[in-house]
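Only one structure is covered here, and it is reproduced in the block below.
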Amino acid sequence: MNHWLLKSEPDVFSIDDLKKQKTTLWDGVRNYQARNFLRAMQVGDLAFFYHSSTEPPGIVGLCQVLETHIADPSQFDPRSPYHDPRSSKDNPRWWTVRVGFVEKFERMITLGVLRAKFSPDELLLLRRGNRLSVMPVAAEVAERIIAMKGCR
DNA sequence: GCCAACGTTGGC
DNA sequence: GCCAACGTTGGC
């Protein structure tokens, strides 16, 4: 099983929204590196849910990959902000997954705490200038993060 | 709101 | 294929 980290602005879609909806299609990713990670996901993989552009930002919970290799429907929708005229149904450019809610952590693990506990080499999120919205998390690092939930 | 860092676009 | 210009992300 692989571990991942998914960024979302809570104003747009939050862990509470996912909890309410139970599952969601992780659509709208329009970055090739992020797309490649989405394509590498397997059913059962766990993903940390990260709130970005908040004060503070941080990991707020866990979700799980339920379904993989879904052609992102928003690329075909001319009214969607994610519409991509270069995509066709025969030859989709953007792929995604469906994720399900697993848990919301009692306390957010803030970016500051993550910086204190991990090095940028261990955790891609901490790399300078990192803007990826989908990224892998090494198994050992993921275990340590999970062990931190609920800790002060 | 600012701005550094990065990705993408498009002219050449 | 290069690279300047532009748009976006996201922490602060």
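Residue numbers begin at 1 in each chain, while the letters A, B, ... track the order of the sequences.
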List the atom pairs, with distances to 0.1 Å, where a side-chain N or O of residues 61-73 of chain A and a protein N or O form a donor-acceptor pair under 3.5 Å, not counting sequence neighbours.
{"unit_1": "Gln64(A)", "atom_1": "NE2", "unit_2": "Gly44(A)", "atom_2": "O", "d": "3.2"}
{"unit_1": "His69(A)", "atom_1": "NE2", "unit_2": "Arg39(A)", "atom_2": "O", "d": "3.0"}
{"unit_1": "Asp72(A)", "atom_1": "OD1", "unit_2": "Ser74(A)", "atom_2": "N", "d": "2.9"}
{"unit_1": "Asp72(A)", "atom_1": "OD1", "unit_2": "Ser74(A)", "atom_2": "OG", "d": "2.7"}
{"unit_1": "Asp72(A)", "atom_1": "OD2", "unit_2": "Gly28(A)", "atom_2": "N", "d": "2.8"}
{"unit_1": "Asp72(A)", "atom_1": "OD2", "unit_2": "Arg30(A)", "atom_2": "NH1", "d": "3.0"}
{"unit_1": "Asp72(A)", "atom_1": "OD2", "unit_2": "Ser74(A)", "atom_2": "OG", "d": "3.4"}

Listed partners of Asp17(A) passing salt bridge (Lys or Arg N to Asp or Glu O under 4.0 Å), at least two apart: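 Result, salt bridge (Lys or Arg N to Asp or Glu O under 4.0 Å) vs Asp17(A): none returned.
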Chain A contact limits on DNA chain B, taken 5' to 3' with a cut-off of 4.0 angstrom to heavy atoms: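 Counting from the 5' end, contacts occupy dA5(B) to dT9(B).
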Donor-acceptor pairs under 3.5 Å, side chain of residues 80-88 of chain A to any protein atom, not counting sequence neighbours: which ones?
{"unit_1": "Ser80(A)", "atom_1": "OG", "unit_2": "Tyr82(A)", "atom_2": "N", "d": "2.9"}
{"unit_1": "Asp84(A)", "atom_1": "OD1", "unit_2": "Arg86(A)", "atom_2": "N", "d": "2.9"}
{"unit_1": "Asp84(A)", "atom_1": "OD1", "unit_2": "Arg86(A)", "atom_2": "NE", "d": "3.0"}
{"unit_1": "Asp84(A)", "atom_1": "OD2", "unit_2": "Arg86(A)", "atom_2": "NH2", "d": "3.2"}
{"unit_1": "Asp84(A)", "atom_1": "OD2", "unit_2": "Trp94(A)", "atom_2": "NE1", "d": "2.8"}
{"unit_1": "Ser87(A)", "atom_1": "OG", "unit_2": "Gln75(A)", "atom_2": "OE1", "d": "2.7"}
{"unit_1": "Ser87(A)", "atom_1": "OG", "unit_2": "Arg93(A)", "atom_2": "N", "d": "3.4"}
{"unit_1": "Ser88(A)", "atom_1": "OG", "unit_2": "Asn91(A)", "atom_2": "N", "d": "3.1"}

Please, which pairs that meet salt bridge (charged side-chain N to carboxylate O under 4.0 Å, His left out) have at least one residue in residues 49-60 of chain A, sequence neighbours excluded?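 Every pair satisfying salt bridge (charged side-chain N to carboxylate O under 4.0 Å, His left out) with a residue in residues 49-60 of chain A: there are none.
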Pairs involving residues 95-131 of chain A, ordered by first then second residue, that meet ring-ring contact (aromatic ring centres under 6.0 Å, His included) (sequence neighbours left out):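 Checked against ring-ring contact (aromatic ring centres under 6.0 Å, His included) - neighbours excluded - no pair reaches residues 95-131 of chain A.
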Does Arg86(A) reach a base, just sugar-phosphate, or nothing at all? Heavy atoms under 4.0 Å.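 If one applies the 4.0 Å heavy-atom cut-off, Arg86(A) turns out to touch the sugar-phosphate alone, with no base involved.
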